[in-house]
Enquirer: 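Take this structure first; my questions come after.
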4 protein chains.
Amino acid sequence: MAASDSQQQKMKAKRQRILDEAIELFSEHGYNDTTIAKVAKASGISFGSVFTYFSTKEELFHCAVIEPLGQITDVMMNFDPEAEDPLAELERIVKTHIKLFAKLSTYLSLVVQVIGHDSRFSEQFEELNRFHDAFCLKLSKLIENGQVKGQLIQTDSMYAAYSYMSLLLGLRLMRTDNFDHEIWEQFVPFALNLFGPAR
Amino acid sequence: MAASDSQQQKMKAKRQRILDEAIELFSEHGYNDTTIAKVAKASGISFGSVFTYFSTKEELFHCAVIEPLGQITDVMMNFDPEAEDPLAELERIVKTHIKLFAKLSTYLSLVVQVIGHDSRFSEQFEELNRFHDAFCLKLSKLIENGQVKGQLIQTDSMYAAYSYMSLLLGLRLMRTDNFDHEIWEQFVPFALNLFGPAR
Amino acid sequence: MAASDSQQQKMKAKRQRILDEAIELFSEHGYNDTTIAKVAKASGISFGSVFTYFSTKEELFHCAVIEPLGQITDVMMNFDPEAEDPLAELERIVKTHIKLFAKLSTYLSLVVQVIGHDSRFSEQFEELNRFHDAFCLKLSKLIENGQVKGQLIQTDSMYAAYSYMSLLLGLRLMRTDNFDHEIWEQFVPFALNLFGPAR
Amino acid sequence: MAASDSQQQKMKAKRQRILDEAIELFSEHGYNDTTIAKVAKASGISFGSVFTYFSTKEELFHCAVIEPLGQITDVMMNFDPEAEDPLAELERIVKTHIKLFAKLSTYLSLVVQVIGHDSRFSEQFEELNRFHDAFCLKLSKLIENGQVKGQLIQTDSMYAAYSYMSLLLGLRLMRTDNFDHEIWEQFVPFALNLFGPAR
DNA sequence: CATGAATGAGTATTCATTCAT
DNA sequence: CATGAATGAATACTCATTCAT
């Protein structure tokens, strides 16, 4: 049924519009200072309708945090831990990651909120943690390979991965979002330094 | 007047007790989910009395963010940019800073909130920014001296300093506060790597 | 849309019910001692709903003072300053006004509050003043015509009008509202005396 | 004991200072918007001391309303109902009363509040009523004598007295306090007209 | 499904009053 | 007697959520 299909399309689009505005507002003003009414207004729909798509404010926040994670995971995890030239692979992904974080300032504000109040948002925190653990594990393998090949000095590869994620998030936090993208690129060598490239 | 003095002492102590509990609660639950009533209860006083010491919730938050900054500044800034052996000085302060950040988890949660919602807490944000700028400027001088003496590779020393602060805050953010202090020390070499020690 | 129309009717009625109760309560207990909760209870609705119709207590008070003014103006101003027999016209309107003031005791209490605290309720005061000025101006013309025709002795007609309004409000103030309407009529000749009827 | 005497003098003076400020503030801002703290500040004493002189806010208000009444009564009642020339006596006292009301704007605001909220301030209201009744009774005698002597037309002398008091209070209410004293005198003939002078 | 009126729990703040110093 | 810190009752206003239309 084509009619029903187009209806479904419309609803999907509406849902996404709400979600996008919610991410924006939750990021900017935090959970409590973002009211359903504001989200509705920003989305151009009645606030009653928000509840058609998200049964509670809590759920809206949950979706705002979790749903974008898939795409981000795709980009973040898109590397080969068994790459021939681990250091080159590292350089490549560091550039990609930094570009990504520079773009994602809005969403990452959400992430920071969740991490900062892990007891309040424990479910979302767990999910982010799972991503974090998976990412660090995969990255640590690449690092180890780099060490085996003598491209990197010997360090604990998991701590190296942790440090890397911390740096990325820390940079994001430090108002560097006012920097334009070129400036973000300045941080690439420092991120690489973390891994201890042999010189 | 001894009586008046002891009275003043008592009040000072009470004010501090309120402030300590406020820092704890603001950190844990955020600005909005921390009610004056909870702060009062945690401090063991009537909620009316909170207003005797802090005229508004906003002011209480402000003091919670700003007042500890002095001591932290003292520790963070306690280094000599003109040290004979810049690399050794760097190692020393990195250890100190990491220990400090490991201890200050509660307070740093507050800092993260302020930075994350700089428009909401602009006054406090400005103050933190002043500290950040002063710190990075002083640190960049030490880094430059390290570079001049050939202990560090050539990089933009201000970006290096920014990266360092970002890493510290990022580490703090990443729930590594569950790690005990020994584990925190594991991150010292990675922090040092940021500065690009010549090898 | 009939449904929407009946909805609108209902809301209008509800709003008016709130307003009527508000006038009653503001009159009886004054601005500060009238709580939104009391108004809601008297109106038979939840106190949250009061805010659906009046966004603040201040606005509720404003409407309580201003909205009835239209009808009152209609009655008060309903005379012809160029009447053939000015004295007869004066007698007619004095009777009407006194009847009106006898009926409006509740509302006039509000007026007295506004006038008594003009700095607190400056906006409402201005509005009342506009009415007062317009009324006195129109009345003074009738008085002047009565003087020209020799029905009234020579006096400053504006002061006469002021005196008249003062007397009306003063009578209202003096608890004469316990008097029933017949007693109110007793004051008609005294009000007329103010204008100095030639004898 | 001279010391004790001067002490008593001081306290009396302090009490009066508080009362004067209280009258001022109660008049200007009303009962609820006048806080003990403001009264204390205006009086230049600690707010704890206000309770030394007046055990509750209610009592302070009571004294503010009642205590000045004695002097006012003296002036208002200072006439001879059996005067040889009642009309002349009326003229004399009307002038006096209008001058008095022109001066007493602050205090009369209090009176208006009490009359306007007689259920809230019933005790004070009773007291004012007693004065009002006594005054009107005495005045009505003078009026009657004027009627007997043919100086005034026949009217109900009590209603005439009521009207007179209403006019005085009404004039006071109508912002005529902005008028300077000369303007107040303009109202003398209108007040006299109330009594229906034979012409 | 969309809308927005109705509801009432929750919160910062004020202020009269008490009482220890 | 003077002071002002402590207390907690009271109140306007917000906002998530429900539900009738």
Side-chain angles (χ1 to χ4, degrees), chain A residues 7-8 10-11 14 31-40 45-61, chain B residues 1-8 10-11 14-15 32-40 44-60, chain C residues 1-8 10-11 14-15 31-40 44-60, chain D residues 7-8 10-11 14 31-40 45-60:
Chain A
Q7 174 72 359
Q8 292 227 339
K10 250 187 216 167
M11 287 187 65
K14 214 172 206 174
Y31 183 82
N32 280 288
D33 288 340
T34 298
T35 67
I36 297 286
K38 282 181 196 162
V39 174
I45 60 163
S46 80
F47 83 83
S49 292
V50 175
F51 290 95
T52 304
Y53 297 91
F54 303 92
S55 58
T56 64
K57 185 182 179 182
E58 204 79 32
E59 189 192 322
L60 176 60
F61 184 77
Chain B
M1 274 168 282
S4 164
D5 268 8
S6 90
Q7 174 72 357
Q8 294 233 336
K10 246 187 217 167
M11 287 189 68
K14 209 173 216 173
R15 185 181 182 283
N32 281 290
D33 287 339
T34 299
T35 66
I36 296 286
K38 282 181 196 162
V39 173
I45 60 165
S46 81
F47 80 85
S49 291
V50 175
F51 290 96
T52 302
Y53 295 90
F54 303 92
S55 56
T56 63
K57 187 182 178 182
E58 204 80 31
E59 188 192 322
L60 177 58
Chain C
M1 275 170 283
S4 165
D5 267 8
S6 91
Q7 175 74 358
Q8 292 233 336
K10 244 187 219 169
M11 287 188 68
K14 210 173 215 173
R15 186 182 182 283
Y31 183 82
N32 281 291
D33 287 338
T34 298
T35 66
I36 296 285
K38 282 180 195 163
V39 173
I45 59 165
S46 80
F47 82 84
S49 291
V50 175
F51 290 97
T52 303
Y53 295 90
F54 303 92
S55 57
T56 63
K57 185 183 179 182
E58 203 81 31
E59 188 193 322
L60 177 59
Chain D
Q7 174 72 359
Q8 292 227 338
K10 249 187 215 167
M11 287 188 66
K14 213 172 205 175
Y31 183 82
N32 280 287
D33 288 339
T34 298
T35 67
I36 296 286
K38 283 180 196 163
V39 173
I45 61 164
S46 80
F47 81 86
S49 291
V50 175
F51 289 95
T52 304
Y53 297 90
F54 303 91
S55 57
T56 64
K57 186 182 178 183
E58 203 80 32
E59 190 192 321
L60 177 59

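Below, all heavy atoms of this structure are taken into account, side chains as well, without hydrogens, waters or symmetry copies. Note on naming: letters A, B, ... go to the chains in the order of the sequence lines (proteins, then strands), and numbering restarts at 1 for each one.
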Enquirer: Could I get the full list of salt bridge (Lys or Arg N to Asp or Glu O under 4.0 Å) partners for A:E58, not counting sequence neighbours?
Expert: A:R120

Enquirer: Once you round it to whole Å, what is the distance between C1' of F:dA16 and CZ of A:F61?
Expert: 16 Å

Enquirer: I'd like to compare against my own output: the B/S/- annotation of nucleotides 3-8 of chain F with a strict under-4.0 Å heavy-atom distance to protein.
Expert: BBBSBB

Enquirer: Rounded to the nearest 0.5 Å, what's the gap from CG on D:D33 to OH on C:Y31? Could you check?
Expert: 9.0 Å

Enquirer: Taking Watson-Crick (N1-N3 plus N6-O4 or O6-N4) and G-U wobble (N1-O2, O6-N3), each under 3.5 Å, can you produce the dot-bracket string of DNA chain E? Use [ ] for crossing pairs and | for inter-strand ones.
Expert: .||||||||||||||||||||

Enquirer: As an exercise, state the distance from CZ of C:F51 to CD of C:E59, rounded to the nearest 0.5 Å.
Expert: 10.5 Å

Enquirer: What is the distance from CG of A:L60 to P of F:dC15, rounded to the nearest Å?
Expert: 15 Å

Enquirer: If you assign C:N32 and A:D33 each to the DNA chain F nucleotide with the nearest heavy atom, which residue ends up on the more 5' nucleotide?
Expert: C:N32

Enquirer: If you look at every strand shown and take non-hydrogen atoms under 4.0 Å, does A:S55 touch a base, only sugar-phosphate, or nothing?
Expert: nothing

Enquirer: Is the backbone of A:K38 close enough, under 3.5 Å, to the side chain of A:T35 for a donor and an acceptor to pair up by distance?
Expert: yes

Enquirer: To the nearest Å, how far apart are C:I36 CD1 and F:dA10 C1'?
Expert: 14 Å

Enquirer: Considering only heavy atoms from C-beta outward, does the side chain of B:T52 approach that of B:I45 to under 4.5 Å?
Expert: no

Enquirer: Quick one: pull up CE in C:M11 and CD in C:Q7 and give me the separation to the nearest 0.5 Å.
Expert: 6.5 Å

Enquirer: Which heavy-atom pair separates B:F47 from B:A37 by the least distance, and what is that distance?
Expert: CB-CA, 4.2 Å

Enquirer: Can you tell me the distance, in whole Å, between the NZ atom of B:K57 and the C1' atom of E:dA12?
Expert: 8 Å

Enquirer: In whole Å, I'd like the distance from the OH atom of D:Y31 to the C1' atom of E:dT14.
Expert: 15 Å

Enquirer: Please report, rounded to the nearest Å, how far the P atom of E:dT13 is from the CD atom of B:E59.
Expert: 10 Å

Enquirer: Expressed in angstrom and rounded to an integer, what is the separation of C:F51 atom CZ from E:dT11 atom P?
Expert: 17 Å

Enquirer: Taking the side chain as every heavy atom from C-beta outward, state whether A:F54 and A:I36 have any atom pair closer than 4.5 Å.
Expert: no

